[in-house]
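Presented below is the structure to which this report refers.
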Amino acid sequence: MAKSDLTILVIDENAIRASIIEEGLNEAGHSNVTIIHEVNGVARIIETQQPDVIIIDIENPNRDMMEHLFQLTRTVSRPIAMFVDRSDTALIESAMEAGVSAYVVDGLKKERVKSILDMAGSRFNAFSRLQRELAEARSALEERKVVERAKGILMKMRGLSEEEAFALLRQTAMNEKKKMAEIAQSLVTAAGLLS
């Protein structure tokens, strides 16, 4: 998808500030921009429009508004850039934990919108990649644990060595055209039923 094809949602209660962001996006070649001025009902708009990027601009964020936005951003898997006028360490930490990719304090200038949008996208992609890698590593670890348990069951029930138990699991997986972790899980489940 070309950058100019991005669908961008701007959430800004202040029309003047929203026009600054829109102008910066238009100058950067982004024409598919939707601006909403009301935070309430934004989840429905996001669900309907499926924006590629979300920009949130809040002049004076209060805790309730930020918590509402953070609940929303935790469920949306998209790059999110947030502009605020004042710095608050707790809000910054909360924003980052909620999935905000770029948190910009007192930096709303149309010339900066493109670079901030690019940075939000890059950080989002890097974070998403790390989350995928973490999920894959956890899955691999769980599979190894199941295989180890299955080997232990085979060693105990059949009197096999560790190498023989592993070879039996591997051969069974190849014969049945399944992953070794699937065979191991079946064995662990069956052993649990029989004990």
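Throughout, numbering of the chain's residues begins at 1 and tracks the sequence. Nothing here was measured: the structure is a model prediction, and the numbers come from that model.
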> Please walk me through it: do L154 and L187 pass side-chain contact (heavy atoms from CB on, under 4.5 Å)?
Replying inline: CA-CA 9 Å; L154 288 173; L187 179 63; 3.5 Å; yes
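- Between the S139 side chain and the A135 main chain, no donor and acceptor come within less than 3.5 Å of each other.
- T7 and Q50 form no side-chain donor-acceptor contact under 3.5 Å, judged by distance and modelled atom types alone.
- Under a hydrophobic-cluster definition in which Ile, Leu, Val, Met, Phe, Trp and Tyr are linked whenever side-chain heavy atoms come within less than 4.5 Å, directly or via other members, I54 and I45 are assigned to the same cluster.
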> Under the salt bridge (Lys or Arg N to Asp or Glu O under 4.0 Å) criterion, do R44 and E47 qualify, and how do the steps go?
Replying inline: CA-CA 5 Å; R44 194 169 39 261; E47 188 177 316; over 6 Å; no
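- No donor-acceptor pair under 3.5 Å is formed between the side chain of R78 and the backbone N or O of V53.
- Applying the 6.0 Å contact sphere to CG of L141 captures more than 12 heavy atoms from other residues, nucleotides or ligands.
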>> Evaluate L117 against H30 for side-chain contact (heavy atoms from CB on, under 4.5 Å), listing each step before the verdict.
In response: CA-CA 11 Å; L117 187 70; H30 300 289; 3.5 Å; yes
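- Remark: side-chain polar atoms of E164 are paired, donor with acceptor, to backbone N or O of S161 under 3.5 angstrom.
- Applying the 6.0 Å contact sphere to CZ of R149 captures no more than 12 heavy atoms from other residues, nucleotides or ligands.
- Note that the CD atom of E22 and the OG atom of S31 stand 10.0 Å from one another [nearest 0.5 Å].
- Between V10 and T34 the shortest side-chain heavy-atom distance does not fall below 4.5 Å.
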> Do I183 and V147 pass the side-chain contact (heavy atoms from CB on, under 4.5 Å) test, and can you show the C-alpha distance, the side-chain angles, and the key distance before you say yes or no?
Replying inline: CA-CA 8 Å; I183 299 299; V147 168; over 6 Å; no
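- With hydrogens and angles left out, the side-chain atoms of Q185 and T189 include a donor and acceptor closer than 3.5 Å.
- Considering every non-hydrogen atom in both I80 and A120, the closest pair reads O-CB, 4.3 Å.
- Taking 4.0 Å as the cut-off between side-chain N and carboxylate O, E162 and K151 count as a salt-bridged pair.
- Between I116 and F83 the shortest side-chain heavy-atom distance falls below 4.5 Å.
- Connection of M174 to L169 is not established within any shared hydrophobic cluster, with ILVMFWY side chains joined at heavy-atom distances below 4.5 Å, either directly or through further cluster members.
- Placement of F166 and M157 within a single hydrophobic cluster is found when ILVMFWY residues are connected by side-chain heavy-atom separations under 4.5 Å, directly or transitively.
- A distance of 4.0 Å separates CG of D57 from CG of D12, quoted to the nearest 0.5 Å.
- A heavy-atom distance below 4.5 Å is not found between the side chains of V84 and V104.
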>> Working note: I36 + L9, criterion side-chain contact (heavy atoms from CB on, under 4.5 Å); need CA distance, chi angles, decisive distance, verdict.
In response: CA-CA 8 Å; I36 59 170; L9 176 64; 4.2 Å; yes
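- Both I20 and I8 belong to a single network of hydrophobic side chains, linked directly or stepwise wherever heavy atoms of I, L, V, M, F, W or Y lie under 4.5 Å apart.
- The distance from atom CD1 of I11 to atom CD1 of I46, rounded to the nearest 0.5 Å, is 5.0 Å.
- Note that the CE atom of M180 and the CZ atom of R170 stand 7.5 Å from one another [nearest 0.5 Å].
- Salt bridge annotation for K179-E143: present, with a cationic side-chain nitrogen under 4.0 angstrom from a carboxylate oxygen.
- Note: the hydrophobic cluster containing M155 does not contain L168 (ILVMFWY, side chain heavy atoms under 4.5 Å, direct or indirect links).
- The residues E148 and R144 are annotated as not salt-bridged, no charged nitrogen and carboxylate oxygen being separated by less than 4.0 angstrom.
- Summarising the geometry, atom CZ belonging to R129 is positioned 12.5 Å from atom CZ belonging to F124; distances are rounded to the nearest 0.5 Å.
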